[in-house]
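All remarks here apply to the structure that follows.
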Amino acid sequence: MLNAAIIELGLFERMLPLVGGYLQAYASKDPWIRSSYRFHKHSAVASKANFKSCLAELINLNADVYAFSCYVWNIEYVKSIVRDLASARPSAHIILGGPEVMHQASRYVDPLQRNIAVCNGEGERIFADYLRELTEPAPDYSKIAGITYFREGILQDTPERERLMNLDEIPSPHLMGMFERGYTSAVFETNRGCPFRCAFCFWGAATNDRVYRFSEDRIKAEIDWFGKAGIYLVYIADANWGMLPRDVEFSHHFVQCKEAHQAPVMLLYSGAKNSPARVTEINQILRAADIITSQPISLQSLDENTLRTVDRKNIKTSAYVQVQEQLTSLGISSYTELIWPLPGETLSSFEAGIGKLCRMGTTTIIVYPHLLLVNTPMHNRQKELGLAVETLENGVGKAEVVVATNQVSRPDCLDGMRYFYSMFLLHNLRGLCLLSGYLDRTGRMNFESLFRKFADFCRSEGNSETCRFIDKSIESLAFVEQFNYGKLIHLCLHQERHSFERLIAKFVEQSGFLDDQTARLLYELDRLLLPYVYSSTPLSVDPAAFRIIAPSIAGARSLSISIPPPMEELCAKSLAEHRIANRITGGKLSINHARAQHPYMKSQSIEHNAGYCHGLLIRTDTMMPTCVPTD
Ligand code: SF4
């Protein structure tokens, strides 16, 4: 009997190792493979796995075959493990799969290594063929379609393997009982493929291609399995959740499952970019059942020239505004995603895009750095588009960060990130949410100029922890890190909350914004409405910040405020416009900060807490305080 080890080094703790499940389930259909192999699944969190003990464990497995699943977040770790494993177990065969290595064998395989191959497509069939061939007395890699390997120092590619059209050919590892209990989150696929061809994307190695589906009965049975197994969080890995009408039915099934088993309670996904109405319908269904979710709206850019350059078409601006209005009126959390810097985008078009989004009522805007991914159309056009990249390696993962394009120099690129951080603090975190809207509406200062002004102001505030964090993130390109934005939230809304508020107060005073009463009132409301990310952060108000409103602490999480009669109507109108409160009576209002927050977990790592903070960033409305009149 041969031993086959499948190794998955993921991003999160206690996440179901789906890749290993699929590979084993498919391969085991073949009676010959079933009787020839004993399978071992090895999974760990890439950033936490101890190298020495992981290597020792793999060596001790004495496996004849090691299969690694490779992504940007684990590729450096895998590379080092493979190097040491190959020298410790020279007779073992090693296969690497995943988007990071497909068609990239020359980057990851030593030409003298005869026993290492790279899988160039969907893994299930190729892995089964590979295992079958390895049972031969003299295995011949050239007989396995879909791989690359070296022979006598020369790279050999075997013919491409076609995609699986009938995904049900892969037996369900969940329903076969292949996973033990104890997992809390799971990646879930209902289909594979994306009909679009955005030049920066390599989703599942199947962009610009047909969408193949798992059958409905199987999907529903797997959803039930999640419920029974107590899976708390499901990440739907489809490229466009909500693109197919049946996704609505599956959402109903998630609800039934939650009602029966109290799980899953949270769903995350990438929404279909051209079906916002159906995605909203899905969110309504989930929200009505108290399943935690948030609607992503992926635009990537608002600039037509950029969208043309990257081969992408977004929904029309009017449709976007309609979706935003609908989401706000239904109380559904959402966030809009952009990528910076995409080719074609200039610093000013990027800034204008963010300003426009704020003007259109976007609640949260997340800007992802542009990572140049191998195998994408963009990667092949790197020179033509003037993409300059810097490689970030931390011994575990590796990212090629785009820092300049034909339109944007490196300093412009970093300045764009500085502008984003500025918007992040004032708009996403609600540092000056009401005041900024007023300044923009009245033409005193538009969003674009305000965010630019605050970005420049922060650059000169070296004593502020918040500004230091931003400076450091920009200098070291740490904005690429998974928990960077979450750490900033932790800092501003918890650890350095007072100094963050002082920073904003200083900026507002220096800018002379408060010389009219309306601006002053809105600024004071902004101070009182600044959300808390943890339920255990002490509630506080700085009396020095208030000249119009008289606030006082009324309870552990609630404030009581008095508004003088001449300002009452204006205050009520502003709060109603932002759907914060419907009315004020007698100039009194109670502000309650007890929402969906959890307490700060001191015993957990900063990464753990930052992950939680990031989770609330995409549902900012769920941490905004509620306001009710005090009769
Ligand atoms: S970005 Fe989204 S829509 Fe575009 S190719 Fe990738 S998965 Fe498809």
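Whatever order the structure lists them in is the order used to number ligands and atoms, beginning at 1.
- Checked by atom type, the side-chain pair D238/T190 shows a donor-acceptor distance below 3.5 Å.
- By the 6.0 Å and 45° rule, R452 does not stack over the aromatic ring of F420.
- Around atom 8 (Fe) of ligand 1, the protein contributes the following N, O or S atoms at distances under 2.8 Å: C194 SG.
- Residues meeting the ring pair (Phe, Tyr, Trp, His ring centres under 6.0 Å) test with Y77, sequence neighbours left out: F51.
- Both tests pass for K29 against the ring of Y26: distance under 6.0 Å to the centre and angle within 45° of the axis.
- A side-chain donor-acceptor contact under 3.5 Å links N314 and R312.
- Geometrically, K487 does not engage F469 in a cation-pi contact defined by less than 6.0 Å to the ring centre and at most 45° from the axis.
- Looking at R312 against ligand 1, only its side chain comes within 4.0 Å, counting heavy atoms.
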